[in-house]
Every structure is written in C-alpha cells, then in structure tokens.
Amino acid sequence: MGLINASSPHTHHQRNTADMMQLVIIATTPGFVALSYLFGWGTLINVIIAAIATLASEAFVLKLRNRRVAFYLKDNSALVTAVLLGLALPPYAPWWIVVIGAATAIILAKQLYGGMGLNPFNPAMIAYVVLLISFPIEMTRWISPVNLNTDGQLPSLIETLSAVFNHSSIIDAYTGATPLDVFKNHSGLLVEQIHHQEPLFNHSVFVSVGWEWINLAFLAGGLFLLQQRIFTWHAPVSMLVALTLMSILFYDSGSSTSGGTPLMHLLSGGTMLGAFFIVTDPVSSAVSNKGRIIYGAGIGILIYIIRVWGNYPDAVAFAVLLMNFAAPFIDYYTLPRTYGHTKAESATRRKD
Amino acid sequence: MKTSVKTLRLENNIIAKASGEFHGGIYPPENKQQSMTLPVGSLPIPDELIFPLNQHMGAPAEPIVSVGDNVLGGQKIAEAVGMFSATIHASSSGTVSAIEERILPHPSGMSGLCIVIQTDGKHQHIDFQTCDDYLEQEPTELIEKIREAGVTGLGGAGFPTAVKLKPPANDIINTLILNGTECEPYITADHSLMLYHAEEVIASAKLLSHILGNPEHVLIGVEDNKSDAIQALASALKNSAMNNIQIMTFPTKYPSGGEKQLIQLLTGKEVPSGAIPASLGIVMQNVGTAVAAYRAVALGQPLTSRITTLVGEALTTQRNYQVLLGTPIEFALQQAGFDASNNERLIMGGPMMGFTLKELTTPIIKSTNCIIAPSKKELPSPPPAQECIRCGLCSEVCPVSLLPQQLYWYAKAEDYERAQNYNLFDCIECGACSYVCSSNIPLVQYYRATKGSIRQQEQEKIKSDHARQRFEFRQRRFAKAEAEKIAKREARKKAAAKAKQLQAEKLARNPEANKDSTPKCDPVTEAIARVKAKENDPAAQQARLERSINSAKNRMTKLQEKLANAEHDKKNPISAQIKQVEVRLQNAEKQLAEFTSSEVVDDKPTIQDAASSAIEKAKANTAALANMSEKEKLEKQLTSLKQRLKKAHQRLADAEQENNEHLDAFKNSVTKLEQKLKDTQTQLSASTKADKYGLN
Ligand code: SF4
Ligand code: SF4
C-alpha cells in the first residue's frame with residue numbers, strides 16, 4: 001500500500017480565492033442597485049459588456065500562454081475586474097469604450113505581468129486612466145440622477161441600447177454635471193452660494209443628490225466585506241480619514257477658494273467605491289497593516305490634491321495608481337515587529 | 001464541545017485566566033471528542049519491539065546489549081552518549097534479536113540503527129527503586145535520575161529533559177510552566193493524562209519546582225476546551241495543599257501550545273529571538289514529560305511507555321492507549337481496527353505540524369503523541385495551489401507576526417538575504433499561514449526548504465572560506481619562496497660579476513700571474529662541469545631516470561584517479577594529459593633499459609657478480625622460507641613490512657617538509673602499508689591462536 005507523503009499542515013481552511021472574489025462581487029450589489037436606480041440601464045449594460053470582454057480577453061491570453069483556461073477563469077478575478085470597471089465607467093458609455101477598457105485591464109495590466117497575483121497595478125484603474133486620457137469627452141459625460149430630470153424620466157432600455165451601440169445622441173438630453181464638476185467650475189463663489197444655487201446640492205438629503213446614496217451603498221457593501229474579514233480596516237479607513245483631514249484643512253471656512261466640505265468629498269464621485277473595492281485590492285497594495293495605513297493615507301491625500309488642484313474632476317484612479325507605484329517601497333520599511341525582536345526592522349537592512 | 005472558563009468555579013488563585021495575548025492564531029476544527037469518549041486503553045504486547053537509538057534530539061545512544069541477550073522490561077539497553085543524548089530502556093522482556101538499520105519515524109523517512117527485541121510475552125521487569133523522600137534530595141541527584149531514566153520531551157522534538165532542567169548558571173529561574181495546552185486538533189494524550197493522572201501532574205510540578213530551586217511561580221497552562229481536566233487538576237491541587245501552583249486557562253486557539261506563544265500568554269513576555277526561555281527565567285515542560293520525570297524519580301520507572309492517541313476515521317476504535325515504546329505502528333493500528341483500504345496517509349503528530357509516515361513498520365517512540373489514520377475523505381489534500389493574491393490572511397494569523405506572503409515571495413525567488421531580513425528564522429513552522437492561505441500555497445514547505453538551503457549555504461561558505469584562506473596562505477608562501485630564489489640568483493650574479501671584475505682588475509694589474517687561473521676560477525663553468533660530471537656518473541644517471549619514471553607513474557595514478565572522478569565534460573583534457581605522461585614514461589623506461597643494458601655490458605664482471613650473489617641470496621631466502629613454519633613466515637613478513645613502513649614514514653615526513661607534490665601518493669603508500677601490516681598481524685595472531693590449540 002502506498003502511503004501519501006505530504007507536508008504539514010494536513011488540514012486546510014475551506015475559503016479559497018474564488019470564494020473571496022465572489023464575495024467581493026456580491027458586496028457590490030447595493031452600489032449597483034443605487035447606480036441603476038439613479039441612472040437607469042446604463043450600469044447594467046456596462047457590467048455585462050465588461051464581463052464578456054474581460055472573460056474573452058482572459059481566455060484568449062491564457063490560451064496563448066498555454067495555461068489551463070477553465071482553472072484560471074474559475075478564480076473569478078477577471079469577473080471582479082469587469083464589475084469594478086463596469087461600475088466606474090459612466091453609464092451609457094459607447095460599447096467600444098467598455099471593450100477597450102476591459103481588454104486593457106486584462107491584457108495590459110494583468111496578464112502581461114504574469115496573471116493574477118503578479119500585477120503591480122490595479123487592472124480596472126489602469127483601464128480607467130487609459131480611457132480617461134484617450135477619450136476624455138465620453139469618459140466625463142454623466143447623466144443627471146433621476147430625481148433631477150424633468151418629469152423624473154430615465155432613458156428606456158431601447159434608448160440605452162441605441163445610445164451604447166449606435167452612438168445615438170438621445171443621451172445628450174439627459175446629461176448633467178456631477179457634484180465634483182460643479183465645484184470645479186464654480187470657483188469664485190462661496191461654498192454656501194454653490195450649495196444654495198445648484199439643484200444638485202439644494203435638493204439633497206445630506207450633500208449631493210444621488211451621489212450621496214451611491215456612496216452610502218458602496219459603504220454598506222464595504223462594511224459587509226470588512227465583517228466577512230475579506231480585508232482589514234487599515235487601508236480604507238486611513239484613506240477616508242486622510243481625505244477628511246485634507247478637506248477640513250483646506251475648507252478655508254467655505255471661501256471661494258475652498259475645496260468643498262468634507263462630507264461632499266466623502267459622499268461624491270468614486271470615494272466609497274474606491275475606498276472599499278479598489279484600495280482594498282490586495283494584489284496591488286502594501287502588505288503589512290502598517291504599510292496599508294500609509295498606502296491608504298497616501299491615496300486619500302492624492303485624491304484631494306488631484307480633485308481640487310488637478311485637471312480632472314475625480315481622482316481615485318490616478319491616486320490609486322500612484323500609490324501602487326509606491327507600494328513595494330512602503331513594504332520595505334513597514335515590516336511588523338516580529339515576536340522576540342525589540343523593534344521592527346526594514347527589509348533592506350544588510351546582514352551584520 | 002467548547003466550554004468556556006466561565007462555567008468553571010474560579011477558586012481563589014487555583015484557577016486563573018491568562019492575561020496575555022499572542023498575535024494571530026487560527027481556530028481549526030478541534031476533532032478531540034472522538035478519542036475522548038473512552039478512557040485510556042492498553043494494547044497487548046507485540047511480538048517485536050523496535051527501539052531507534054536516535055529518538056531524541058542530540059547524539060544517538062550507544063547499544064549496551066548484543067544480539068542474543070535476554071533483557072527485562074525497564075532494563076537499560078542503550079547508553080546516552082554525552083550530555084546531550086538520552087538512554088533507552090527495553091519496554092518488555094525478551095531477547096535482543098537484531099541491532100540493525102530500520103526505517104525511523106521521521107519526516108524524511110530515513111533509516112537508522114535500532115535495537116530489536118523479540119518479546120517473550122511474560123512482561124517481566126527489573127525491580128523499580130521507589131523513593132519517597134525525593135524532596136529532600138539534591139537537585140543534581142534528581143536530575144541524574146531523570147537522565148538515567150531516559151526522559152525526553154514527550155510533546156514534540158524530544159529534547160533531553162535533564163538538559164532543560166539544568167539551565168545556564170547565570171539564568172535565575174523564577175517561573176516553571178507545565179504545558180498542558182495540547183492545541184493541535186485530534187490529539188488528546190495530554191488531556192487524558194491530566195484527566196486521569198491529575199495527582200501525578202501536581203506531584204511532578206512539585207518535583208520540578210524543587211529541582212529548579214522553588215521558583216516564585218509554578219503555572220500549569222491548559223486551554224479552556226479541557227474543562228474536565230482543569231477541574232481534575234484543581235481538585236488534585238486542592239487536596240495537595242500546595243499554594244504556589246496555579247492553573248492558568250485561556251481561550252482555545254492554535255498554536256497557544258507553542259513554547260513561545262504560551263510564555264506570551266501566561267507571562268506577557270516574549271522570548272528574545274535566538275534565545276531560550278531560561279534567559280527570561282522561565283523553564284517550560286510538557287505535562288507528559290513532567291509526569292515521566294516524576295515517575296522516574298518517585299517510582300524508579302524509566303520511560304518505557306506513554307499515552308498515544310490513535311484517531312481517525314480509518315480506525316474502528318478511536319481512543320488513547322497506554323503503549324509500550326517500540327510498538328510497531330502497524331500493530332497498534334491493527335488493535336484499533338485499522339481499515340487500510342480506506343486510508344491513504346498516516347500522520348504522526350497532529351494535523352498542523354505532524355508528518356506523514358512512509359512505512360507502517362516504524363515504531364512508536366518517546367515523542368509519538370498521536371497517530372492519525374484519516375479516512376480518504378477526512379483530511380482531503382488541498383486543491384492545487386494558485387498564485388498568491390497577497391490577501392494577507394496569512395499575516396493576520398501568524399503567531400510571530402511575520403509576513404508569510406513576503407517570505408513566500410522571496411523563498412520562491414531564492415532571495416535568501418531578503419527572506420532572512422523578513423525574519424524567516426523566527427518562523428516556528430506552525431502551519432497557521434498554510435492553513436488559511438486562500439490560494440492553497442504550501443507555505444511551510446517553502447520555508448522549510450529555504451531554511452535548509454540557507455543553512456547549507458552557510459556551511460559551504462565557512463568551508464570555502466577556510467579553503468580560500470589555505471590557498472591564499474600557500475600562494476603567499478610560494479611567492480615568498482620565489483622572491484627569495486630570485487634574490488639569491490641576483491646576489492650570485494652580482495657576486496660573479498664582481499669576481500669577474502676583480503679578476504679583470506687583477507689581470508690588468510698582474511697579467512702574468514693569473515694567466516692559467518682564469519678558467520679555474522670561473523664559478524659558472526665549474527658548476528657546469530660538476531653537473532656534467534654528475535650526469536655522466538652512471539649511478540646518478542640511473543637514479544635520475546628512475547626518479548623520473550617514479551614521478552611519471554605517480555602522476556599517472558593521480559590522473560587516473562582524477563579521470564575516474566571527473567565530470568563527463570572534463571574527461572577529455574585529462575585523458576590527453578594521461579597520454580602525454582604515458583609517452584614520457586615509456587621514453588624514460590626505454591632509456592633506463594638501454595642505460596642498464598649498456599651498463600651491464602660495460603661492467604659485466606661486477607654486475608654479474610652482484611647479480612649472481614643476489615640470486616644466491618634470494619635462493620637461500622626462499623629455501624629458508626620454505627623451511628619456516630607459517631608463523632615464522634608471517635613474522636618475517638611482519639618485520640620487513642615494519643621496516644618498509646618506517647621508511648615510508650620517513651619519506652612522507654621528508655615530503656611533508658619540502659612540500660613535495662606527491663605528498664598524497666606517499667600518504668597513500670603509508671596507509672596501504674599500515675593496512676598490510678595490520679592484516680599480517682591479525683593473520684599472525686590467528687595462527688598463534690591456532691598453534692595454541694594445536695590446529696596447525
Ligand atoms: S494567504 Fe496565501 S494568497 Fe493570501 S497573502 Fe498569504 S500566501 Fe498569499
Ligand atoms: S508557519 Fe511560520 S510564517 Fe506561517 S504562521 Fe507559522 S510562524 Fe508564521
């Protein structure tokens with residue numbers, strides 16, 4: 001009888017990578033629902049196109065690399081990228097934008113580096129930035145949330161499909177500015193004046209119509225993942241804290257040079273989607289808890305800087321990519337203190 | 001099954017909750033109840049008992065019995081070698097049937113020397129010397145008893161207990177900890193010991209405390225999932241009226257039974273990296289070990305049996321057994337109703353840190369606390385590994401706060417320096433990281449392999465450093481010798497030039513007087529003439545030829561050796577060299593032959609005389625030899641061998657002095673001669689013996 005020879009441990013916890021990815025996808029549901037409620041079919045179409053395109057690109061490259069296609073597709077990581085990209089892109093974006101984004105994310109940002117686990121940058125964010133730079137008009141065209149539209153109408157499914165696939169201009173009737181756009185273009189006014197004038201603000205419950213709910217929904221999904229111990233609190237919390245501190249610091253008592261209220265920064269744009277679904281991407285972030293605090297804080301600070309003083313209205317993607325760059329260096333200097341050692345050491349020290 | 005401490009009566013100071021906390025840890029399914037439904041059972045005596053000489057940490061023991069000896073239970077059969085070793089005792093009566101290599105219960109599946117005893121089924125044992133007043137005896141005496149009884153750590157690595165009870169003199173021990181944690185799933189050996197032998201556990205705590213000079217704190221650490229054992233200990237403690245012993249409980253979490261983790265739990269202190277607990281004034285013993293020490297001292301019983309958990313769904317009876325050490329695992333499993341067809345692997349130890357056995361024939365040894373025989377479904381092999389996604393689950397559970405994902409990364413990249421910077425050597429190989437890894441990476445396996453490679457590399461570095469030093473030293477010496485030679489030559493040249501000049505001057509001054517002295521006085525010409533004369537001297541010439549033949553032969557053997565050892569791709573150049581030497585050798589031999597024959601022609605009479613006399617001598621010798629008895633012949637051979645050896649030694653010494661390049665060849669011949677000498681001597685003594693008995 002042949003006894004199996006195996007290395008310890010001989011027992012394993014049952015949660016695997018695919019399950020974790022699946023949970024991440026499930027946790028995006030509240031945000032997805034909020035987006036769909038406020039903006040209509042566009043988000044769903046985005047996600048579907050992105051999913052097909054990412055899976056196809058992933059299968060294509062795996063085939064080229066002679067890997068077992070089914071084994072790798074089942075890890076769900078491509079699907080996570082697709083969902084995140086689909087949620088981040090403006091609804092009603094032309095289909096080819098989504099396809100280019102998906103292909104960029106999978107081929108350029110993931111598989112060229114060796115596939116899952118080996119990519120230094122977040123694939124969805126690479127795709128987002130590439131699209132934003134290449135197609136700035138399409139990428140910044142958002143429609144107004146449903147309750148700001150005259151008669152509370154949203155594009156129908158037919159209109160949506162013709163907008164996405166035929167590039168019809170039906171959508172133009174619905175477009176509107178996002179809160180961050182408003183702030184960018186209203187310099188010269190006091191914060192209070194803006195809040196007073198703009199329907200986007202003066203119709204809101206907390207701070208901005210629609211966007212506040214989207215962000216709260218993503219926050220809820222994030223808290224669920226935190227409770228499921230999919231990630232630790234360190235990176236998202238430190239990002240949100242840093243963003244808040246920056247916006248308090250430069251609030252400037254609401255003057256005309258103010259960057260806007262802290263609440264507006266927390267509940268507008270991609271803040272919560274970023275904090276709980278992008279910043280927490282383990283592959284491209286720092287590894288230790290200490291490192292993740294620094295990593296998250298860096299992203300929070302950069303988001304504020306780019307939002308307020310940069311050329312783009314939102315900045316999550318840029319901030320994340322910049323900190324992805326920094327992650328390996330953060331790692332070198334943020335080792336935890338090992339049991340029995342008097343202090344934490346750096347990974348680059350020389351043996352003495 | 002999990003019972004919290006709150007259900008226990010917290011009797012003042014007897015039971016306390018540990019206040020410490022260690023980082024990480026995991027909560028694997030405990031699987032402890034299946035082996036605790038029955039009390040500790042006993043096994044019949046197997047036909048054969050196997051005692052590996054190396055079942056502890058340190059030097060293997062030395063057998064003190066021989067094949068055919070009858071032994072009793074408790075009889076010492078192997079002696080410890082040095083301090084860091086342990087004696088071994090027979091666990092039942094019988095006959096030593098073999099002392100031979102057997103496969104050991106070891107992760108590598110290696111084999112080692114074992115004493116095998118064929119039992120007689122009578123189970124007779126030596127008289128055990130009980131002792132009641134051990135608390136009045138000197139600690140050193142008691143430690144000696146524990147040592148004699150062969151007590152080693154029963155919980156894991158098998159560290160000799162006596163060594164641990166004698167901490168370095170400058171470490172003052174203020175805390176004794178008995179480890180009854182048993183945090184690994186499945187294992188309940190210590191649990192049953194504490195439950196059924198609580199008095200002995202308490203008595204052993206008292207004994208060890210006495211040996212260590214009555215440290216301030218004596219703690220018994222038990223996880224809160226063993227509430228019955230905690231109760232048993234508490235009531236035993238209450239009856240014993242000992243008030244400095246305290247039972248400490250803490251929440252069940254793996255690996256709280258790790259030495260370093262338990263110390264952190266109970267004292268809040270951390271053992272400094274690379275140091276031993278004694279440096280903090282702490283000595284820790286597993287409860288099983290402590291009881292074995294107690295039995296050795298109080299009952300005079302050496303360590304010959306232990307409680308082992310036999311568990312797993314491939315067994316019909318899952319329970320703890322009191323087993324005789326040396327019992328073959330196959331025998332033990334069969335008694336527990338082992339279904340081999342439903343089993344694919346056997347684990348010695350727990351599922352987290354145990355190792356798989358390669359052979360059923362290996363025995364149960366002192367450190368065997370558990371054997372798991374899982375059914376095929378029970379502990380499935382993990383699915384294939386995926387890439388690390390740096391999810392960080394592993395670093396969250398690491399009890400020593402490492403970053404397993406980074407260690408894995410650098411281990412895979414064979415970046416040993418970085419791996420060490422990430423404190424690879426602080427990893428206790430607990431397996432918590434592998435357990436949670438969402439990509440099913442066998443992390444611990446990587447760490448073990450990397451540690452091994454680093455250790456090997458370091459050893460090689462030390463070796464090569466030595467070699468380099470030796471080489472450099474040699475280079476320097478050669479350079480110095482060369483420089484001296486050049487300097488001498490220069491000096492000679494100068495002297496010659498000076499002499500010439502003087503000559504010339506003299507000549508200039510007095511041309512007549514020195515006319516014929518010029519050639520005589522030229523040292524160079526003279527030297528050349530000397531050499532020429534020497535070369536023409538037949539004896540010298542022959543010697544020279546013989547020398548060159550010898551050196552060529554030597555070189556040849558060396559080259560052939562080299563060829564035999566050489567890698568395939570280096571064989572060609574060496575063969576070429578051999579060819580060259582062969583040619584040279586042939587030439588020299590031819591020359592020598594010519595030379596000798598010419599010589600013979602030249603000096604026929606003398607040579608012939610010498611030859612005939614030699615022949616005569618040889619004839620006489622042979623005749624004498626023929627007349628000699630076997631013994632005399634051998635004696636004669638011996639003397640001649642001795643002489644030859646002496647000469648060889650002389651030559652070797654000379655060679656060593658002048659650093660001859662054939663040093664090795666000389667050494668070789670000396671050892672060969674020595675061997676021959678030894679052989680002859682044994683032959684001689686054999687023949688003498690034979691003579692004595694009139695056999696010759
Ligand atoms: S648990 Fe496994 S996959 Fe996750 S970071 Fe650790 S090694 Fe990587
Ligand atoms: S095996 Fe080593 S690295 Fe893994 S959890 Fe245990 S101590 Fe940490």
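Lettering of chains follows the sequences in order, A, B, ..., and the numbering in each one begins at 1. The structure presented is a predicted model; accordingly, all values stated were derived computationally and were not measured.
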Practice problem: Heavy atoms only, distances under 4.5 angstrom: which of Ser381(B), Pro272(B), Pro29(B) has the most pairs with chain A? Name it, please. | Solution: Pro272(B)

Quiz prompt | Rounded distance [0.5 Å steps], CG in Asp75(A) versus CD in Glu387(B) | solution = 10.5 Å

Practice problem: Sort out for me which of Thr280(A), Asn16(A), Asp19(A) touches chain B most, counting heavy-atom pairs under 4.5 Å. | Solution: Asn16(A)

Quiz item: Which residue out of Ser438(B), Gly354(B), Cys437(B), Gly350(B) racks up the most heavy-atom pairs below 4.5 Å with chain A?
Solution: Ser438(B)

Quiz item: Between Asp281(A), Thr11(A), Thr232(A), which shows the greatest number of heavy-atom pairs under 4.5 Å with chain B?
Solution: Thr11(A)

Exercise. Go through the atoms of Glu396(B) and report whether side chain, backbone, both or neither lie under 4.5 Å from a heavy atom of chain A.
Key: side chain

Quiz item: Are any non-hydrogen side-chain atoms of Pro442(B) and Ser7(A) less than 4.5 angstrom apart?
Solution: no

Self-check item: Rounded distance (nearest 0.5 Å) linking atom NE2 of His23(B) with atom CZ of Arg337(A)
Solution: 10.5 Å

Quiz item: Taking atom CE of Met352(B) and atom NE2 of His10(A), what is their separation to the nearest 0.5 Å?
Solution: 9.5 Å

Practice problem: Answer with side chain, backbone, both or neither: which region of Ser77(A) has an atom nearer than 4.5 Å to a non-hydrogen atom of chain B? | Solution: neither

Quiz item: Where does Leu393(B) contact chain A at under 4.5 Å (heavy atoms): side chain, backbone, both or neither?
Solution: side chain

Quiz item: Could you give the distance from CG (Leu403(B)) to CG (Asn289(A)), rounded to the nearest 0.5 Å?
Solution: 8.5 Å

Self-check item: Structural part of Phe22(B) lying under 4.5 Å from a heavy atom of chain A
Solution: neither

Self-check item: Atom pair CG (Asn423(B)) and CD (Glu345(A)), whose distance is rounded to the nearest 0.5 Å
Solution: 5.5 Å

Self-check item: Heavy-atom side-chain contact between Tyr339(A) and Gln264(B) under 4.5 Å
Solution: yes

Quiz item: Would you say Val287(A) and Ser395(B) make side-chain contact, with heavy atoms under 4.5 Å?
Solution: no

Self-check item: Neighbour count >12 (heavy atoms, 6.0 Å) for atom CD, Glu21(B)
Solution: no

Exercise. Indicate whether the side chain of Thr338(A) and that of Ser401(B) have a donor and an acceptor atom separated by less than 3.5 Å.
Key: no

Quiz prompt | Which portion of Gln406(B) sits near chain A, non-hydrogen atoms under 4.5 angstrom | solution = side chain

Quiz item: Val444(B) and Ser8(A): which non-hydrogen atoms are nearest, and at how many Å?
Solution: CB-O, 4.0 Å

Quiz item: Of the listed residues (Gly114(A), Pro336(A), Ser284(A), Pro282(A)), which shares the most heavy-atom pairs with chain B below a 4.5 Å separation?
Solution: Pro282(A)

Exercise. For the pair Ser273(B) (side chain) and Gly340(A) (backbone), establish whether a donor and an acceptor sit closer than 3.5 Å, ignoring hydrogens and angles.
Key: no

Exercise. Examine whether an atom of Gln445(B) lies under 4.5 Å from a heavy atom of chain A, and if so say whether it belongs to the side chain, the backbone or both; otherwise answer neither.
Key: both

Exercise. Taking the six-membered ring for Trp and the full ring for Phe, Tyr or His, determine whether the centres of His13(A) and Tyr435(B) are under 6.0 Å apart.
Key: yes

Exercise. Identify which of Ile26(B), Leu357(B), Val400(B) forms the greatest number of heavy-atom pairs closer than 4.5 Å to chain A.
Key: Val400(B)

Exercise. Could you please state which residues from residues 57-74 of chain A sit under 4.5 angstrom from chain B, measuring non-hydrogen atom to non-hydrogen atom, sorted by number, or 'none'?
Key: Phe71(A)

Quiz item: Looking only at side chains, do His12(A) and Asn440(B) share a donor and an acceptor under 3.5 Å apart?
Solution: no

Exercise. Please name the pair of heavy atoms, one in Ser434(B) and one in Pro9(A), separated by the smallest distance, quoted to 0.1 Å.
Key: CB-CD, 3.5 Å

Practice problem: Could you grab the distance from atom OH of Tyr422(B) to atom OG of Ser288(A), nearest 0.5 Å is fine? | Solution: 8.0 Å

Quiz prompt | Close side-chain approach of Cys391(B) to Met20(A), heavy-atom, < 4.5 Å | solution = yes

Practice problem: Taking only Lys NZ, Arg NE, NH1 and NH2, and the carboxylate oxygens of Asp or Glu, determine whether Asp331(A) and Arg390(B) approach each other closer than 4.0 Å. | Solution: yes

Self-check item: Side chain / backbone / both / neither for Pro28(B) at chain A, heavy atoms under 4.5 Å
Solution: neither

